[in-house]
Amino acid sequence: MARAPLPNAPGLDSLIEALRVLPGVGPRSAQRMAYHLLQHERSRAAQLARALAGALASVRHCSRCNNFTEAELCTLCRSSGRNPALLCVVETPADLSMVEQTLSYAGLYFVLMGRLSPLDGIGPRDIGLDHLLARATDGIVTEVVLATNFTNEGEATAHYIAEMLKARGVTASRIARGVPLGGELEFVDIGTISQAMLDRRGL
Amino acid sequence: MTRRRAVHEPGYVLHTYPYKETSLIVELFTRQHGRVGLLAKGARRPRSALRGVLLAFHPLHLSWSGSAELGTLVAADWAGGQPALSGIGVMCGFYLNELLLRLLPREDPHERLFAVYAASLAQLAAASDRAAVLRCFEHRLLDELGYAPLLVRDAASGAPVDPGRRYEYDPERGPLAANGSAGAVDGQTLLDIARDEYSRETTREEARQLLRALIACRLGSQVLHTRAVLAELQDL
Ligand SMILES: [Zn+2]
């Protein structure tokens with residue numbers, strides 16, 4: 001919906017415009033947020049502004065795993081208890097924290113901060129593949145675990161990385177897919193069951 | 001604007017774009033309506049029934065209502081019967097989708113091309129000769145768009161193409177006999193393309209170049225993003 005700009009509040013307009021960068025925030029929510037901050041939360045809005053400026057100044061990418069950190073190396077990469085021969089590739093920091101919560105993976109990570117999506121114009125050069133390649137061929141890594149999403153884009157990304165690694169003699173593996181743990185077939189989506197049927201294994 | 005609706009129409013998702021907070025714009029290739037753009041309201045909500053269904057390369061049954069320009073998706077059901085693409089097959093599938101998105105106008109029915117597209121996906125999933133699948137699709141697409149390349153006759157003399165000769169290829173006219181070993185393609189390559197025969201090594205290479213050039217003429221200044229990635233992975 002079109003909203004006429006307020007003649008006397010260009011600052012409000014630019015705040016609304018700025019809030020729209022947040023994922024899932026359209027013009028209407030952005031307007032609601034802006035009014036809320038300015039009407040009821042002025043001191044906390046100032047806090048938000050300071051936190052945002054602070055994070056922008058101090059947060060950067062870990063030089064080994066590409067995840068967000070404030071130091072040269074993130075805590076995970078500095079930790080001595082991990083197996084450096086295993087490298088798990090994920091699309092986002094959120095995916096990394098999901099794998100961490102499983103407590104079933106003891107290796108290190110690489111965060112792509114994206115995925116290949118040729119139809120959106122996102123190619124190999126737009127995600128950190130050169131960086132990943134250097135990392136995977138450092139002589140310490142022996143297996144790269146590809147944990148990109150099971151979307152077409154995630155699948156294409158996994159394939160591209162696997163081919164890149166194969167050409168350099170590095171072993172790559174792909175996480176398995178199928179019916180979720182505790183999943184009752186009756187309530188699982190058709191696509192997943194169909195794929196699980198095709199990927200069935202002998203017992 | 002004409003009001004239209006479709007019920008249980010066979011189709012495929014070509015691509016989706018996020019729209020507003022929780023919705024998607026879905027670009028579809030459907031059997032009877034050709035390329036259709038629809039609004040899928042709430043499709044990005046975590047519990048949406050459309051999540052996990054609106055995926056490219058899977059046969060779907062689609063129902064929609066509203067105007068031709070941007071109708072509203074009412075239902076999308078899994079039609080099944082085809083394994084997911086994997087590895088290089090996904091990239092080939094993206095390439096087919098990019099061709100359709102860039103070259104097919106909306107609401108222009110292409111039932112024959114739809115059948116070719118469905119068969120191509122099945123072949124890509126079955127890991128058959130992928131380069132041949134792409135070449136046949138490119139050829140059919142040019143055909144459907146009204147730019148069927150002349151392959152069996154010399155454009156200047158009208159003489160049948162000689163498999164033993166070399167030819168230049170004028171994108172607007174067709175093959176022109178060249179002198180000796182000059183020219184872009186073997187006569188054999190042209191005849192092979194005409195009958196979808198891609199077992200000969202020289203044909204594979206020359207057909208790839210020729211069909212690429214013919215498609216480039218139709219694309220004008222548009223760049224195909226998927227082609228660069230495919231070329232990097234394999235000579236497809
Ligand atoms: Zn790190």
Side-chain angles (χ1 to χ4, degrees), chain A residues 1 19-20 22-33 115-127 129 146 148-167 172 174 177-180 187-200, chain B residues 13-23 27 44-60 76-102 125 222-234:
Chain A
M1 72 251 71
L19 286 166
R20 291 186 55 188
L22 294 169
V25 173
R28 196 185 304 190
S29 317
Q31 189 178 10
R32 213 164 39 228
M33 287 177 187
R115 68 197 73 83
L116 285 182
S117 185
L119 290 178
D120 296 308
I122 301 172
R125 264 147 226 87
D126 303 304
I127 53 178
L129 290 186
L146 298 167
T148 52
N149 288 334
F150 282 105
T151 55
N152 286 309
E153 284 78 9
E155 191 65 15
T157 308
H159 175 76
Y160 189 92
I161 296 172
E163 288 295 304
M164 238 172 45
L165 295 175
K166 195 159 53 165
R174 180 86 168 108
R177 62 182 154 194
V179 177
F187 303 112
V188 174
D189 70 277
I190 304 286
T192 300
I193 298 179
S194 151
Q195 199 59 47
M197 195 54 89
L198 290 163
D199 290 348
R200 68 187 179 275
Chain B
V13 170
L14 295 176
H15 198 45
T16 61
Y17 306 89
Y19 182 73
K20 292 206 174 155
E21 340 241 311
T22 58
S23 301
E27 288 286 350
R44 275 153 66 219
R45 289 185 205 280
R47 305 236 168 265
S48 165
L50 295 170
R51 249 187 127 95
V53 177
L54 290 179
L55 299 172
F57 316 134
H58 286 286
L60 302 175
D77 300 305
W78 188 262
Q82 192 192 288
L85 296 184
S86 61
I88 189 79
V90 176
M91 212 56 97
C92 294
F94 282 148
Y95 174 62
L96 301 189
N97 287 4
E98 193 173 24
L99 286 177
L100 293 175
L101 286 167
R102 293 192 189 262
Q222 303 182 85
V223 180
L224 287 176
H225 296 296
T226 46
R227 175 113 71 196
V229 185
L230 268 181
E232 243 176 90
L233 282 170
Q234 246 175 60

The ring pair (Phe, Tyr, Trp, His ring centres under 6.0 Å) partners of B/Y19 (sequence neighbours excluded) come to none

Side-chain heavy-atom pair B/H15, A/D120 within 4.5 angstrom cut-off: yes

Turns out that what part of B/T226 lies under 4.5 Å from chain A's heavy atoms comes down to both

If one checks every heavy atom of B/L14 against chain A at 4.5 Å, the contacting part turns out to be backbone

Heavy atoms of B/M91 and A/A156 approach each other most closely as CE-CB, 3.8 Å

Of all heavy-atom pairs linking A/E155 and B/L85, the shortest is CG-O, 4.4 Å

Roughly how far, to the nearest 0.5 Å, is [atom2] of [Y] from [atom1] of [X]?
X	Y	atom1	atom2	value
B/L55	A/N152	CG	CG	6.5 Å
A/L119	B/Y17	CG	OH	7.0 Å
A/H159	B/S86	NE2	OG	8.5 Å

Taken in chain and number order and not counting sequence neighbours, the residues that satisfy side chain to side chain donor-acceptor pair (under 3.5 Å) with A/S29 are B/E21

Tell me whether the count of non-hydrogen atoms from other residues, nucleotides or ligands lying under 6.0 Å of CZ in B/R45 goes above 12. no

When the 4.5 angstrom heavy-atom criterion is applied to A/L116 and chain B, the contacting part is side chain

